[in-house]
Amino acid sequence: MTETTGYSGRGLVRIKNLHLDSMEEDVLYHLALGTKTHNLPAVFGDIKFVCVGGSPNRMRAFAQILHKELGLTGDGEGLAALCAGTDRYATYRAGPLLSISHGMGIPSISIVLHELIKLLHHAKCGDVTIIRIGTSGGLGIEAGSVVTTDTAVDNSFKPGFEQVVLDDVVVRSTELDTDLVEELLACSKETPDFPTLIGRTMCTYDFYEGQGRLDRALCSFSSEKKLEYLRRAYDAGVRSIEFAALCGLCGPKAAVICVALLEGDQIRAPREVLREYQQRPQCLIAAFIWKRLGPRPPAGNALVSSN
């Protein structure tokens, strides 16, 4: 069974779940929010961009930097978590941007995406763009390259995400919005000089076995077999490998932008190099937001000069 998007009508987020209409209250448990306890349209109704990423500290830092770049009141250093009643996910806001951590792996990101989409729906948000930013492994590309995903594929290089619902296997589309992908690539011209490209992202279920790493606790295959598999992945258009790619069923236009930390198993680059790599997707998103909102400020902005 194949499911399609639930996004329609004037850019509003439409939930494909009639059961929610009959509920007296919808508790977004892992975000510590609810339709009775919070005025969601007042707090979140004007959100236009949502960025999700694994690390709470990274998403807080990104919100602080965007706070400064957008010229908002204060320096952003004391930015408070909007969902302070939970330690599951960290949520911060900078003007029209919502910056949320999603933890590691598909199960964790699935939980927050369900509640995030419901949040945007209850808040009556319109024309929202959701972008996952993060890190990944690279395939046939230079370390530090920023890959904008056009399609997420599974371990068999097929464009789809399988989820068992009751006893049905549901296949959900993982194709992302082509126009948004091209727009993000065009915005790379506004960022510092680092390689950017469009490619497929292979999304696996875990960090070690799913990605075919040789440095895991248990390994039953040879390095030759791994290389043969990766060659086939490259021929299928895969340029990055991770285990948290965004599913296209979310509704609003969605994209995935990851920086490749390495091509191989072990991450040996110095911390300062990795820190600069991790800022590259953030630079690209900052350029994208400024393009959508208006003219970009002069060179020497907080993202580029930040450590």
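In this text, all values refer to a predicted model and were calculated from it rather than measured experimentally. This chain uses plain numbering: 1 for the first residue, then up along the sequence.
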Item to check | Short side-chain to backbone donor-acceptor contact, Ser101 and Gly103, under 3.5 Å | outcome: no
Checklist entry - Given side chains that start at C-beta, do those of Val171 and Glu162 come closer than 4.5 Å, heavy atoms only? => result yes
Item to check | Identified salt bridge (Lys or Arg N to Asp or Glu O under 4.0 Å) partner of Glu228 from the options Arg232, Lys226, Arg231, Lys225 | outcome: Arg232
Next on the checklist: So which atom in Thr91 and which in Cys83 form the shortest heavy-atom distance, rounded to 0.1 Å?
Outcome noted: OG1-SG, 3.6 Å
Item to check | Glu115 (side chain) donor-acceptor with His30 (main chain) under 3.5 angstrom | outcome: yes
Item to check | Straight-line distance of His122 NE2 to Leu20 CG, nearest 0.5 Å | outcome: 5.5 Å
Checklist entry - Would you say Glu175's side chain and Thr151's backbone share a donor-acceptor pair under 3.5 angstrom? => result no
Checklist entry - Same hydrophobic cluster for Leu18 and Met23, using side-chain heavy-atom links shorter than 4.5 Å among ILVMFWY? => result no
Checklist entry - Would you say the side chain of Tyr277 lies within less than 4.5 Å of the side chain of Thr135, judging by non-hydrogen atoms? => result no
Item to check | From CA spacing to verdict: side chain to side chain contact (heavy atoms under 4.5 Å, CB included), Ser108, Tyr89 | outcome: CA-CA 9 Å; Ser108 181; Tyr89 303 101; 3.6 Å; yes
Item to check | Shortest non-hydrogen separation from Ser145 to Leu197 and the atoms involved | outcome: CB-CD2, 4.0 Å
Next on the checklist: Determine whether Arg132 and Glu242 satisfy the following criterion, salt bridge (Lys or Arg N to Asp or Glu O under 4.0 Å), listing intermediate values before the conclusion.
Outcome noted: CA-CA 12 Å; Arg132 163 166 153 72; Glu242 60 154 349; 2.4 Å; yes
Checklist entry - For Gly137 and Ala260, which heavy atoms make the closest approach, and how far apart are they? => result C-CB, 4.2 Å
Checklist entry - Is there a donor-acceptor contact under 3.5 Å from the side chain of Arg239 to the main chain of Gly138? => result no
Next on the checklist: Check whether Thr174 reaches the backbone of Phe161 with its side chain - one donor and one acceptor, N or O, closer than 3.5 Å.
Outcome noted: no
Item to check | Within-4.5 Å side-chain heavy-atom neighbours: Thr196 and Thr148 | outcome: no
Checklist entry - Less than 4.5 Å apart, any side-chain heavy atom of Val43 and any of Leu33? => result no
Checklist entry - Would the number of heavy atoms belonging to other residues, nucleotides or ligands and lying under 6.0 Å from CZ of Phe221 be above 12? => result yes
Checklist entry - Do we get Arg213 above Phe207's six-membered ring, with its NZ or CZ under 6.0 Å from the centre and within 45° of the axis? => result yes
Item to check | Spatial distance of atom CE (Met202) from atom CG (Asp154) [nearest 0.5 Å] | outcome: 9.0 Å
Next on the checklist: Less than 4.5 Å apart, side chain to side chain, heavy atoms only: is that true for Phe194 and Val259?
Outcome noted: no
Checklist entry - Passes side chain to side chain contact (heavy atoms under 4.5 Å, CB included), Asp177 versus Thr129? Steps please. => result CA-CA 10 Å; Asp177 187 86; Thr129 300; over 6 Å; no
Next on the checklist: How long is the straight-line distance from CZ of Arg280 back to SG of Cys258, given to the nearest 0.5 Å?
Outcome noted: 14.0 Å
Checklist entry - Can you name the closest pair of heavy atoms from Val50 and Ile47 and give their distance? => result CG2-CG2, 3.9 Å
Item to check | From CG (Leu218) to CD (Glu209), nearest 0.5 Å | outcome: 6.5 Å
Item to check | From Thr149 atom OG1 to Ile131 atom CD1, the distance as rounded to the nearest 0.5 Å | outcome: 11.5 Å
Checklist entry - Same cluster or not: are Leu293 and Leu180 linked, directly or through other Ile, Leu, Val, Met, Phe, Trp or Tyr residues, by side-chain heavy atoms under 4.5 angstrom apart? => result yes
Checklist entry - Within the side chain of Asp168, is there an N or O that forms a donor-acceptor pair under 3.5 Å with the backbone of Val170? => result no
Checklist entry - Do Ile285 and Leu184 come close enough that some side-chain heavy atom pair is under 4.5 Å? => result yes
Next on the checklist: Under 4.5 Å between side-chain heavy atoms, counting indirect links through other Ile/Leu/Val/Met/Phe/Trp/Tyr residues: same cluster for Leu119 and Val27 or not?
Outcome noted: no
Checklist entry - Can Ile65 and Gln282 be said to form a side chain to side chain contact (heavy atoms under 4.5 Å, CB included), step by step? => result CA-CA 9 Å; Ile65 292 169; Gln282 299 177 7; 4.2 Å; yes
Next on the checklist: Donor-acceptor pair, distance only, cut-off 3.5 Å: does the side chain of Lys124 make one with the backbone of Asp46?
Outcome noted: no
Checklist entry - Hey, mind stepping through Ile111 and Tyr29 against side chain to side chain contact (heavy atoms under 4.5 Å, CB included) and telling me if it holds? => result CA-CA 10 Å; Ile111 293 169; Tyr29 174 73; over 6 Å; no
Item to check | Minimum-distance pair of heavy atoms, taken over all atoms of Ser136 and Ile241 | outcome: CB-O, 3.4 Å
Next on the checklist: For Pro159, is there any backbone N or O sitting under 3.5 Å from a side-chain donor or acceptor partner on Arg200?
Outcome noted: no
Checklist entry - Would Leu120 and Tyr92 show up in the same hydrophobic cluster when neighbours are defined by side-chain heavy atoms closer than 4.5 Å? => result no
Checklist entry - Between Arg292 and Phe49, is any pair of side-chain heavy atoms under 4.5 Å apart? => result yes
Checklist entry - Do the side chain of Glu142 and the main chain of Pro195 share a donor and acceptor less than 3.5 angstrom apart? => result no
Checklist entry - What are the two closest heavy atoms between Leu214 and Ser223, and how far apart are they? => result CD1-CB, 3.8 Å
Checklist entry - Is there a path from Phe62 to Leu72 through hydrophobic residues (I, L, V, M, F, W, Y) whose side chains come within less than 4.5 Å of each other? => result yes
Next on the checklist: So, taking the atom named CE in Met59 and the one named CD1 in Ile100, what distance separates them when rounded to the nearest 0.5 Å?
Outcome noted: 8.0 Å
Checklist entry - Are Arg58 and Gln278 close enough that some pair of their side-chain heavy atoms sits under 4.5 Å apart? => result yes
